[in-house]
Amino acid sequence: MKKLSIIISLIAILLVSCKSHRYRIISMSGTVVEMDSSFDANPDKKMQALVQKYKTELDNEMNEVIGTSAQFMNYTIPESLLTNFTSDVMKAYGDEQLQNGTDLAVMNVNGHRANMPEGKVTVGNLYEIYSFDNSITFLELKGTDLNKIFDSCARMGGFGISANVKLVIKDRKLQSVTVNGKPVDTNKIYSITTLDYLADGNNGMDAFRNAVKTSNTGFTLRDLMIDYVREQTRQGKKLTSKLDGRITVVK
């Protein structure tokens, strides 16, 4: 694809050049080179050694065990062990960083790309789970727009939501919602911890674009989770999560 893009760009330049100098292309030709295993027959020894050096260093870093999970955690809707786990860590981070704490945390289910294994957890595991460079972002959002966010969550059948939120969904529509045990106050400004990807209005989170204030921390979700796992280990704790009914789908 990159090669094709370069060829197209060259053609465009030639066409402009030809027009300026009254030249014209009378013929073009090309060949397709298949990139297959035949190129591995005679590898460059110096390049091989260079790659192996960095691969060894990277493998050592990725294979470092930094924690232990008490259970296997998957990611799915309406709620799951892994989405609950991540959202709650995000909420705790917002409470720690913001003077008045954060009202809730919101993240997308597919912000995860692998499951959390039971047992030993390596740095590589967390790179697999949180493979995107999404950074933690703090928003201030009107209650009316927060309700729109919850409507979007309902349409998708679930989302990553912190434990202090209770959503009830029926037929992909929001039936009820509370934050800290109270209905959403449309006159209130809510503090939300989320990801820059969602803050930009992606994945159905259009209402986040209406934020009164946005602050991108530049701190990636992956680094947050790595730090959290290391801290839990330092305290002698295993990673745990639970399904607590924060999102309920009724028939």
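All residue numbers refer to positions in the sequence shown, counting from 1.
- Under a 4.0 Å N-O distance rule, the pair Lys188/Asp103 qualifies as a salt bridge.
- Using a distance-only test at 3.5 Å, with no hydrogens or angles considered, no donor-acceptor pair links the side chain of Ser191 to the main chain of Thr102.
- Contact of the Leu174 side chain with the Leu167 side chain is registered, since non-hydrogen atoms from C-beta on lie closer than 4.5 Å.
- Rounded to the nearest 0.5 angstrom, Asp151 CG and Met156 CE are separated by 10.5 Å.
- Note: Asp95 CG to Met90 CE = 12.0 Å, rounded to the nearest 0.5 Å.
- Panel note: side chain Thr83, backbone Ser80; a donor-acceptor pair is recorded below 3.5 Å.
- The existence of a salt bridge linking Arg246 and Asp88 is confirmed by a sub-4.0 Å separation between a basic side-chain nitrogen and an acidic carboxylate oxygen.
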With side chain to side chain contact (heavy atoms under 4.5 Å, CB included) as the criterion, how do Met116 and Leu126 come out once you've worked through the C-alpha distance, each side chain's angles and the decisive distance to 0.1 Å?
CA-CA 8 Å; Met116 178 77 76; Leu126 296 179; 4.0 Å; yes
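- A distance-only check finds a donor-acceptor pair linking the side chain of Thr194 to the backbone of Val106 [under 3.5 Å].
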Check against side chain to side chain contact (heavy atoms under 4.5 Å, CB included), Ile149 and Met205:
CA-CA 6 Å; Ile149 293 298; Met205 301 289 103; 3.8 Å; yes
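- In this structure, CG on Asp200 lies 9.5 Å from CG on Asn134, to the nearest 0.5 angstrom.
- Contact check on Asp206 versus Lys148 returns no salt bridge, with no Lys/Arg side-chain nitrogen under 4.0 Å from an Asp/Glu carboxylate oxygen.
- For Asn42, the CG atom sits in a loose shell: 12 or fewer heavy atoms of surrounding residues, nucleotides or ligands are nearer than 6.0 Å.
- The pair Glu118-Lys238 does not count as a salt bridge, with every side-chain nitrogen at least 4.0 angstrom from each carboxylate oxygen.
- Using modelled atom types, no side-chain atom of Asn74 and backbone atom of Asn115 make a donor-acceptor pair closer than 3.5 Å.
- Aromatic ring centres of Phe132 and Tyr127: separated by at least 6.0 Å.
- Counting heavy atoms from C-beta on, the side chains of Val121 and Thr68 never come closer than 4.5 Å.
- In terms of modelled atom types and a separation under 3.5 Å, the side chain of Asn164 and the main chain of Val179 share no donor-acceptor contact.
- No donor-acceptor pair closer than 3.5 Å links the side chain of Ser135 to the backbone N or O of Thr220.
- Thr137 has its side chain out of reach of Thr217: every pair of non-hydrogen atoms, C-beta onward, lies at least 4.5 Å apart.
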Apply side chain to side chain contact (heavy atoms under 4.5 Å, CB included) to Ile169 and Val250, showing your working.
CA-CA 6 Å; Ile169 302 170; Val250 297; over 6 Å; no
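- The ring of Tyr93 has its center no closer than 6.0 angstrom to the ring center of Tyr228.
- Taking 4.5 Å as the limit, some side-chain heavy atom of Thr86 sits within range of a side-chain heavy atom of His112.
- Summarising the geometry, atom CG belonging to Leu146 is positioned 5.0 Å from atom CD1 belonging to Ile192; distances are rounded to the nearest 0.5 Å.
- Of the possible donor and acceptor atoms, one in the side chain of Thr233 sits under 3.5 Å from a partner among the backbone N and O of Val229.
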Let's go through Asn84 and Ser87 carefully: what are the C-alpha distance in whole Å and the side-chain angles of both, what is the deciding distance for side chain to side chain donor-acceptor pair (under 3.5 Å) to 0.1 Å, and is it a yes or a no?
CA-CA 5 Å; Asn84 288 2; Ser87 301; 5.9 Å; no
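- With Asp196 as the partner, the side-chain contact (heavy atoms from CB on, under 4.5 Å) test is satisfied by one option alone out of Asn216, Ile136, Asn202: Asn216.
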